[in-house]
Asks: 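Just passing along the structure, written as structure tokens.
In listed order, ligands and their atoms are each counted from 1.
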Amino acid sequence: MSTETTYAELTRWIQRVHALGTVGELLGWDEQVNLPPGAAEQRAGQQAALAEAAHGAASDPRLGGWLTQLEGAAGLSADQRAVVQNARKDYDRATKLPAEFVREKATQDSRGYHAWAKARAADDFAGYAPVLAKNLELVKREASYLGWAGREYDYMIDKHDPGMTAEVIGRLFGELKRELVPLVREIAASKVKPRADALRGFSTEGQQVFLREVTERLGFDYNRGRIDVSLHPFCSGTGSDVRMTTRFKEHEPLDSLFSSIHETGHGLYEQGLPADQLGTALGIHAGMAVHESQSRLWENQVARSRGFWQGFEPRLRAVFPAQTSGVSTEELYLAINAVSPTLIRVDADEVTYNLHIILRFELEKKLFTGELAVSDLPGAWRTAAAELLGLTPPNDREGVLQDVHWSGGAFGYFPSYCLGNMLAAQLWYRALALRPKLEEDFARGDFTWLLGWLRENIHTQGRRYDALELARRVTGEELSPRSLLRYLRERYGALYLR
Ligand code: ZN
């Protein structure tokens, strides 16, 4: 076969594998949004059958043959080489793990979740420790099957953020930590406090109307996506079928609004990927850090800005006249930008959130090097929480047992959240340099310039570049925490440290 024909065969096959993956995602979405309670077992069977078919397609020997031919071929374009390289990574992951290992890991992942849920309810870390130790052992074995022996934590990081390493993250987080810890202390000591009870009794119907207007105005295409209700908000799907979810709390209207804007950022990214390349490296996202940069940029830099609220405050007051009548513009803005250190990551504001991530990264890294034993995690967690957040968890439920991630073997995932915040701030200042009156656009309800700029520079680039290279190309600078620190100081300093 000629190189061109082989390349065409390869991409056709990759897109087929990807299509099967999206069907699995759709089943997962349906499970969280629609599934009748009695159907759980039947659904598990459907998922398993589909996963088997998808794995069969992803590990088809013909794929291996095409890849070998293309890797040795001259004359591939840079884009084509990116597609081949990414396909090789996927193919190796699908073929190099022994079937017995895959079965053992799948069983352990689901066992891990239940063990974690039970341990958290009972505040019993000791009962959970052997499960966690087993998870750690399994991911290390996975790394060595794939040729990463001795660099197991880097393997886990690369799995979520291609090209990223523990060394790079350690340097970035160290720099961030030095200035962020004192900033959080200063804000926590501020006399300015948001009114905790400012926003009460917001009907679900009204919230639905308002958030639909907001997300549509930001640019989410409801002809190619939808939003529904689930217990935990998420965004799945890609291209022309993007599914977001949210949840409604009458006394916390900002929770559903901001989580929806966050998911909208993810959704805009997925809707902006090149439609004809879906599934290849030219039509998939660049990794979790870049994905998170998109959700955070819209959620924080955009939707917590003065300009944004100059545009939307009148509309919020029109939809909820009684609920907002006793709340001043300044009180509303302060509620939107409330900062208060907490022990729980998912409740954290955008300033302290980063410290929660640094804590997890530092512990994970030591778990992988062996500097820290699983049994010593609770104590190490308490020490780190006191040092970073200025708070000591009274129990493990509010400490090491709070997150689900490690129970399913998802190590190396946490750093993406903070890297995403760094990249978001860096993109924000680049956008502002190109268009200084960006917030005036927002005040008019106009987000088209910003979305257009992200489409061109991030969304349509797919996975051509990793997060570090993308930062370099789009902002002209190396990825660093400087923009994030500047942004946090400018926005929150103006509110709390005046
Ligand atoms: Zn997110």
Asks: Which N/O/S atom belongs to Glu292 and is the closest one to the Zn ion (ligand 1)?
Replies: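 Checking each N, O and S atom of Glu292, the shortest distance to the Zn ion (ligand 1) belongs to OE1.
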Asks: Is it the case that over 12 heavy atoms from other parts of the model lie below 6.0 angstrom from the CD atom of Glu469?
Replies: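 Count over threshold, so yes.
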Asks: Check whether the side chains of Thr342 and Asp347 place a donor and an acceptor atom closer than 3.5 Å, and report yes or no.
Replies: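 Per modelled atom types, Thr342 and Asp347 side chains form no pair under 3.5 Å.
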Asks: Would one find an N, O or S atom of Cys235, in either backbone or side chain, under 2.8 Å from the Zn ion (ligand 1)?
Replies: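 Checking the Zn ion (ligand 1) against Cys235, no N, O or S atom falls under 2.8 Å.
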Asks: Between Phe361 and Phe414, does the ring centre distance come in under 6.0 Å?
Replies: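 Phe361 vs Phe414: aromatic centres not under 6.0 Å.
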Asks: With a 6.0 Å cut-off (strictly less than), is the heavy-atom count around NZ of Lys193, excluding the residue itself, greater than 12?
Replies: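 Yes, the 6.0 Å shell around NZ holds more than 12 heavy atoms from other groups.
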Asks: Under 2.8 Å from the Zn ion (ligand 1), can any N, O or S atom of His266 be found?
Replies: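 Yes.
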